[in-house]
There are 2 protein chains.
Amino acid sequence: MATGRTHRPATRSRGIPEATVARLPLYLRALTALSERSVPTVSSEELAAAAGVNSAKLRKDFSYLGSYGTRGVGYDVEYLVYQISRELGLTQDWPVVIVGIGNLGAALANYGGFASRGFRVAALIDADPEMAGKQVAGITVQHSDDLEKIISDNGVSIGVITTPPGVAQQVCERLVAAGVTSILNFAPTVLSVPDGVDVRKVDLSIELQILAFHEQRKAGEEAESQAGAVAAAHQDDDEKGPDGDVPAVMPA
Amino acid sequence: MATGRTHRPATRSRGIPEATVARLPLYLRALTALSERSVPTVSSEELAAAAGVNSAKLRKDFSYLGSYGTRGVGYDVEYLVYQISRELGLTQDWPVVIVGIGNLGAALANYGGFASRGFRVAALIDADPEMAGKQVAGITVQHSDDLEKIISDNGVSIGVITTPPGVAQQVCERLVAAGVTSILNFAPTVLSVPDGVDVRKVDLSIELQILAFHEQRKAGEEAESQAGAVAAAHQDDDEKGPDGDVPAVMPA
DNA sequence: CCATCTTTGTGCACGCGTTCACAAAGACAT
DNA sequence: ATGTCTTTGTGAACGCGTGCACAAAGATGG
């Protein structure tokens, strides 16, 4: 769902399905909240509700990690927090670089959720000489000329790209050449990467467009059921779109 | 994938699979780039390469929209841009509100990708009285007391939540009560919404954790193949994790 | 008008993910 | 101990998504 180009053959890494991996952080967050409230154990039903998933799915997910529950009781919160953290690799330190310190890059640098669990902003990099030397989120921005050195000196394997789309691909290539093997891409571009490099993308514009699609559909259905037999002429699934010609309802 | 809690029964809205809908924006972006270069037609193979997907998948995706291609030639770029835009509902104007004008909210407000296609930032809302009245991205921030009025006056149906996690749920509820039916959530929280409301979430922390998982796996495999027969003792899939045992805490 | 060549549109098979439903396992009381 | 009750762990069925492979369709040239 996130890799740029690679046909990931459903990488069931060590037997853990990708879909399960994507949910583990969700469980971890819910468990951490319980842990802070000193709740000792939790049932699959309760935890599933907190994470917003089906309880059977949650149990199956956990079964891939091992048998960490106790029948008749539930799961030990602390123990599960540890197991999931370890499984996700959060027991170690992950230095991360952010490339492209514009509005978004700066916002991410300031984002608290970073340091919280295993991740540490090792460096901020920008191509603008004006930016170099400035402090953002208490970290000095460095010039992209030194990108390779920064990566190797800090042992960085995860890079975050928040550059304009035009330069994202070349930044990506430099990151990969320097040793980065995981990339989180915020630029609205499809990144091509060699095998062995993971890319996940976050794209505001795509998310909005998906929402708009469903929104339009809702409006269309609503109009359809309200209109009743009025639009009996252009019926069936042949109609080209819910909005027809006149938006009829909604925004001014 | 994105909905907070609702079991969306694979909402194949009007016969278009959800997975296809999620790729349409990708195609649209690639097509727009071609259009700007005045490319008249494009084959499924070329477009698929540009969008980073399989060409068969692309053709099947388009087949859900209709038969818009010409065999032996390909697809008419302009026509396809229009068809996909219409399908996604981008031919109409979507006023959007952003709630929570911190670093991230401000960054999104400044983000150019917003206005580009159908979306318009109708209002910025924040709970801090200090923020109200200030200009962000050329828009005056309004206080959250007026949230309901802002939503209804502007006919807003899409809301973006960039508040701290603690207040995200209640902001969400106010948005929904005021008439918002699509929510893009950047707060690290599971949102509960009534049926009929779509929620998509963007979560930096989760994305990083997924990357960390794969990163750890890569490192493990590497070490494994390098170490060779060294770790012959605790082998097989029975091993509890890369960092051995020391469970630290066991369930009481 | 026919042959050839390109490219679409899709039938089909396969695999992943989800969910149901239930047997097995353990806690707890008597 | 034994029975009851709760909750896990999982076998099995089903549906969605993906990709192969090919026939149909149309363009193009002779």
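So that the names make sense, note that chain A is the first sequence line, chain B the second, and so on, each numbered from 1.
The base of D/dG17 is not paired with the side chain of B/K60 by any donor and acceptor separated by under 3.5 Å.
Taking atom CG of residue B/L24 and atom P of nucleotide D/dG17, one finds them 13 Å apart after rounding to whole Å. If you take NZ of B/K57 and P of C/dT10, they are 18 Å apart, rounded to a whole angstrom. Rounded to an integer number of Å, the gap from CG of A/L58 to P of C/dT19 is 12 Å. Distance CD1 (B/I16) to C1' (D/dG17): 15 Å, rounded to an integer number of Å. Atom OH in A/Y79 sits about 16 Å away from atom P in D/dT8, given to the nearest Å. Regarding B/Y64, its OH atom lies at a distance of 15 Å from the C1' atom of C/dT8, rounded to whole Å. Note: CD (B/E45) to P (D/dA21) measures 14 Å, nearest angstrom. Put simply, CZ on B/F62 is 16 Å from C1' on D/dT18, counting in whole angstrom units.
B/Q209 and B/S205 form a side-chain donor-acceptor contact under 3.5 Å, judged by distance and modelled atom types alone.
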Worksheet item: Where do A/R29 and B/D203 land on the salt bridge (Lys or Arg N to Asp or Glu O under 4.0 Å) test, with the steps shown first?
Response: CA-CA 12 Å; A/R29 185 175 288 159; B/D203 196 316; 2.8 Å; yes
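For the pair A/L34 and A/E46, the minimum side-chain heavy-atom distance is 4.5 Å or more.
Residue whose closest nucleotide on DNA chain D sits further toward the 5' end, between A/R71 and B/A56: A/R71. For the pair A/D61 and B/V42, both in contact range of DNA chain C, the more 5′-proximal nearest nucleotide belongs to B/V42. For the pair A/T20 and A/R59, nearest-nucleotide mapping onto DNA chain C gives the more 5' position to A/T20.
Residue B/Y75 places at least one side-chain N or O closer than 4.0 Å to OP1 or OP2 of C/dG9. Distances shorter than 4.0 Å separate none of the side-chain N or O atoms of B/S43 from OP1 or OP2 on C/dT7. Contact annotation: A/N54 does not reach the phosphate of C/dG17 (side-chain N/O to OP1 or OP2, under 4.0 Å).
Here B/Y68 and B/F62 keep their ring centres 6.0 angstrom or further from each other.
The two residues A/S157 and A/V180 come nearest to each other via the heavy atoms O-CG1, 3.5 Å.
When distances run from any side-chain atom of A/E18 to the nucleotides C/dT10, D/dG9, C/dG17, the shortest one goes to C/dG17.
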